[in-house]
Protein chains: 2
Amino acid sequence: MVSQEVRDTVKQLFREYMERRHLRKTMERYAVLDAIYSIEGHFDVEDLYKLMEKAHFRVSMGTIYNTVALLLDAHLIVKHQFGMTAQYEKCYSCETHHHLICTQCGKVTEVTSKALRNTIESMKFRNFTQTHYSLYVYGICVSCKRANTRKLKKQQKTNKK
Amino acid sequence: MVSQEVRDTVKQLFREYMERRHLRKTMERYAVLDAIYSIEGHFDVEDLYKLMEKAHFRVSMGTIYNTVALLLDAHLIVKHQFGMTAQYEKCYSCETHHHLICTQCGKVTEVTSKALRNTIESMKFRNFTQTHYSLYVYGICVSCKRANTRKLKKQQKTNKK
DNA sequence: GTCAGTGCAAACTTTTTGCAACTAC
DNA sequence: GTAGTTGCAAAAAGTTTGCACTGAC
């Protein structure tokens with residue numbers, strides 16, 4: 001459960017962003033932001049569309065894409081591209097985390113490491129000002145590893161016959 | 001220029017991979033691998049298709065997608081999803097590098113940092129066996145930053161009038 | 001000879017665009 | 001009133017799939 005406080009804060013930040021950029025503060029934009037901050041973890045535009053429809057605030061896909069682009073620019077959400085569809089997640093008052101991605105089943109797990117985070121955030125680059133980052137660690141999750149071991153043993157058994 | 005030695009080695013590795021998996025070793029698959037190892041830096045399937053066409057070895061998009069999937073599984077290439085199209089790059093005998101991505105113009109720069117690489121690669125995760133990783137650092141490149149400063153100054157000037 | 005792999009085209013999915021209607025300013 | 005924003009539908013872009021033909025084993 002996300003606190004009302006966070007929702008109010010991000011709404012205020014979004015308002016300030018839109019004023020700075022001379023954009024119109026529409027109901028739809030606030031509704032998209034609020035829907036996003038009610039979601040824990042990753043979501044794609046389809047998820048968001050369905051969630052808002054269920055909450056009886058239907059907005060078109062075009063508007064969702066438009067608003068998501070603004071929220072990205074305002075640094076209120078971050079974008080990930082794990083597979084073919086873009087995934088997003090809220091990022092205000094959320095710990096920066098790293099992603100473990102199983103190359104076999106596609107499962108994404110989040111892990112935090114303060115040490116690693118500090119190392120990356122304190123890096124300086126020539127001709128580049130860092131705002132944020134994403135670390136994707138690929139490998140095999142434990143359930144796929146076990147499944148592979150079982151499969152291999154089965155094959156060896158068959159070959160012996 | 002990629003040495004012939006590397007090309008021969010990856011061909012051999014791919015051959016072994018296909019034999020292990022009981023896959024057919026076709027001309028098309030070797031041609032795709034060789035084309036990929038002639039490319040420096042990132043490419044997408046479109047680039048690869050055009051390159052091969054120019055080299056008078058036309059293969060269908062379907063075959064390219066098929067072969068690229070095998071090469072990913074064989075760990076002979078890695079996949080990136082910076083924008084909407086998937087980008088790939090060869091990864092045998094190539095230094096692991098990190099990517100700086102400008103959120104404004106989309107330009108991708110590669111940087112290496114042995115210290116960071118060691119930090120990430122030496123990390124242990126519960127229930128997860130790491131094979132490789134991608135680090136994407138987002139921010140503003142120096143040319144966009146300069147352009148923004150100019151733009152801002154111009155605006156302030158106009159406002160004063 | 002068999003069947004995995006290929007080329008081609010159609011289908012599918014995700015995202016972008018064009019346009020009329022609407023509404024924040 | 002004006003122009004940015006929305007909804008809708010059509011288009012575009014990237015990737016996958018179905019099917020007949022080919023060629024690796």
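Each chain gets a letter, A, B and so on, in the order its sequence line appears, and its residues count up from 1.
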Roughly, in whole Å, what's the span from [atom1] in [X] to [atom2] in [N]?
{"X": "A:Tyr65", "N": "C:dT13", "atom1": "OH", "atom2": "P", "value": "13 Å"}
{"X": "A:Met84", "N": "C:dT15", "atom1": "CE", "atom2": "C1'", "value": "12 Å"}
{"X": "B:Arg24", "N": "C:dC3", "atom1": "CZ", "atom2": "C1'", "value": "5 Å"}
{"X": "A:Leu48", "N": "C:dT15", "atom1": "CG", "atom2": "P", "value": "12 Å"}
{"X": "B:Asp47", "N": "D:dG14", "atom1": "CG", "atom2": "C1'", "value": "13 Å"}
{"X": "A:Asn66", "N": "D:dT6", "atom1": "CG", "atom2": "P", "value": "5 Å"}
{"X": "B:Leu23", "N": "C:dG5", "atom1": "CG", "atom2": "P", "value": "5 Å"}
{"X": "B:Glu53", "N": "C:dG7", "atom1": "CD", "atom2": "P", "value": "12 Å"}

(request) Answer yes or no on whether B:Lys25 is positioned over the face of B:Tyr30, meaning its NZ or CZ is under 6.0 Å from the six-membered ring centre and within 45° of the axis. (result) no
Examine [N]: is either OP1 or OP2 under 4.0 Å from a nitrogen or oxygen in the side chain of [X]? Give yes or no.
{"X": "A:Thr26", "N": "C:dT23", "value": "no"}
{"X": "A:Thr63", "N": "D:dG7", "value": "yes"}
{"X": "A:Arg15", "N": "C:dA24", "value": "no"}

(request) Pick out which of A:Thr26, A:Leu48, A:Ile77 makes a side chain to side chain contact (heavy atoms under 4.5 Å, CB included) with A:Val32. (result) A:Leu48
(request) Using a strict 4.0 Å threshold on nitrogen-to-oxygen distance, state whether A:Glu89 and A:Lys79 make a salt bridge. (result) no
(request) Inspect the contact between A:Asp34 and A:Arg7 and indicate whether a charged nitrogen and a carboxylate oxygen are less than 4.0 angstrom apart. (result) yes
Could you please name the option among [options] that lies closest to any side-chain atom of [X]?
{"X": "B:Glu28", "options": "C:dT6, C:dC8, C:dT14", "result": "C:dT6"}
{"X": "B:Lys25", "options": "D:dT15, D:dC25, D:dA13", "result": "D:dC25"}
{"X": "A:Val45", "options": "C:dT15, C:dT14, D:dG14", "result": "C:dT15"}

(message) Between B:Arg29 and B:Tyr49, which residue's closest nucleotide on DNA chain C lies nearer the 5′ terminus?
(response) B:Arg29
(request) Specify the residue among A:Asp44 and B:Met61 whose closest nucleotide of DNA chain C lies further upstream toward the 5′ end. (result) B:Met61
(message) Counting only heavy atoms not in B:Glu95 (residues, nucleotides, ligands), do more than 12 fall under 6.0 Å from its CD?
(response) no
